[in-house]
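Working notes for the structure below.
Letters A, B, ... are given to chains in the order of the sequence lines, protein chains preceding strands, and every chain is numbered from 1.
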Protein chains: 2
Amino acid sequence: MVRNPERRAALVDAAIEVLARDGARGLTFRAVDAAAGVPGGTASNYFTSRDDLLAQVTGQIHQRIAPDPDEVAEVMAAPRSRALVVDLMRWINRRVTENRTGYLAMLELRLEATRRPELQAELTRVMRATLDDDIGFHLESGLPGDRTAVLLTYLAMTGLMLEQLTLPGVVPTEETDGLIEALVDRTIGPEGTSE
Amino acid sequence: MVRNPERRAALVDAAIEVLARDGARGLTFRAVDAAAGVPGGTASNYFTSRDDLLAQVTGQIHQRIAPDPDEVAEVMAAPRSRALVVDLMRWINRRVTENRTGYLAMLELRLEATRRPELQAELTRVMRATLDDDIGFHLESGLPGDRTAVLLTYLAMTGLMLEQLTLPGVVPTEETDGLIEALVDRTIGPEGTSE
DNA sequence: GTTGTAGTACTCTGGGCGTAGTGGTTGCAA
DNA sequence: TTGCAACCACTACGCCCAGAGTACTACAAC
């Protein structure tokens, strides 16, 4: 078992690429080798099995999806208002299209998790933690909207993400901005009257 | 090219099964043969290619997912109120767990559509039609809530579906009923004041 | 000089695919 | 009723290729 951290990370990154481009069907050691631009057989030396590879992908992908703290700070440098929440959601939505690969790979992982209990357990752990963080962040940073509002927004944004990634023609892009605004407006409800 | 309608339908059904169980990775002619309980090589005689198979799956799957008109009528035999919308959404949600296979296969198809333009076009057509129907049905049947409300509800239900199918531990089942109620309540907003 | 990793090239294996060939069934016509 | 034709189910076979693993060489670091 060879261990060169950068190379291993590069391979995992390549695996994410392959996952997004060719799906779970295309994810083979050879494909990872090719995508990483390393000689055939290399992935065999770094991962004991496909499961092992998937596990390592799981560990790395949320770093790839996770927002840049600086960017968050930039967006959050504004008074706490509904408009800010709208900005946040639009920003998240933009990140999905800009980091299409990462989010698509995540979807593939979700589907794969359906058949691999350990993967499901690990992914659930990661996603729960992320969601809890999001809720905590929202409530503690003084943004309008209660826990339920955050959850509903999360679900709707998840749905929107799925639509945009897989069948962008169903909910037209022109509508998304308006939908996000309406989403925030309605889920936060009348009591969230900051600003 | 053999054509025996029932057998062909059985094969497509088996393909849906395989798609849900083993994912796109596991969807091969041989696996379909096995799942349908027919001799190896049969699927080869019924479908010219994997693409062809996927196309026929697309055509059949929405029939499998489509609600039974009788059931709809049963649920709709109540005064037009928010509570009825909540019932409807809960009913839809229940159908997802009861017809897990169909919805999971649908998700796999969505992912596959990412790499197959014709499949994407066809799926988009189907989903758009379904969504338009849903919107039309909602507005014409006198249920409270405008077009935006329906769209937002659709998105959130899609997100909820994805969560429940792939990572049921992230949004706990105990919360879903409450979330659905809150979803309807908030998306419909104050103007939807029937009952 | 020793150790560990990159790179090359090879073989092996299995899965999947298509199809040829066979036998059975149905429908039709004489 | 018998003979014929068309069609389809089923078995079995051979081909092919992608993927995996690994032995071997080359090299760099220490």
Nucleic acid footprint by protein, nucleotides 24-30 of chain D - heavy-atom cut-off 4.0 Å, B for base, S for sugar-phosphate alone: -------
Protein-to-nucleotide contact annotation, 5' to 3' order, nucleotides 3-13 of chain C [B base; S sugar-phosphate only; - none; under 4.0 Å, heavy atom]: --SSSBB----
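Remark: B:T166 engages A:R110 in a side chain to side chain donor-acceptor pair (under 3.5 Å) (not counting sequence neighbours). For B:D51, the side chain to side chain donor-acceptor pair (under 3.5 Å) criterion is met by B:R116, not counting sequence neighbours. In this view, A:S141 and A:M76, A:R80, A:F137, A:L143 satisfy the side-chain contact (heavy atoms from CB on, under 4.5 Å) rule, not counting sequence neighbours. Remark: B:R125 engages B:E122 in a side chain to side chain donor-acceptor pair (under 3.5 Å) (not counting sequence neighbours).
Using a 4.0 Å cut-off between a side-chain N of Lys or Arg and a carboxylate O of Asp or Glu, A:E181 and A:R90 qualify as a salt bridge.
Residue contacts shown for B:S44 include a base, since a base heavy atom lies under 4.0 Å away.
For the pair B:R50 CZ and D:dA18 P, the computed distance is 15 Å after rounding to whole Å. Between the CZ atom of B:R25 and the C1' atom of D:dG19 there is a distance of 10 Å, rounded to whole Å.
For the pair A:R8 and A:F47, the distance from NZ or CZ to the six-membered ring centre is under 6.0 Å and the angle to the ring normal is within 45 degrees.
Side-chain N or O atoms of A:R115 include one that pairs as donor or acceptor with a backbone N or O of B:R21 at under 3.5 Å.
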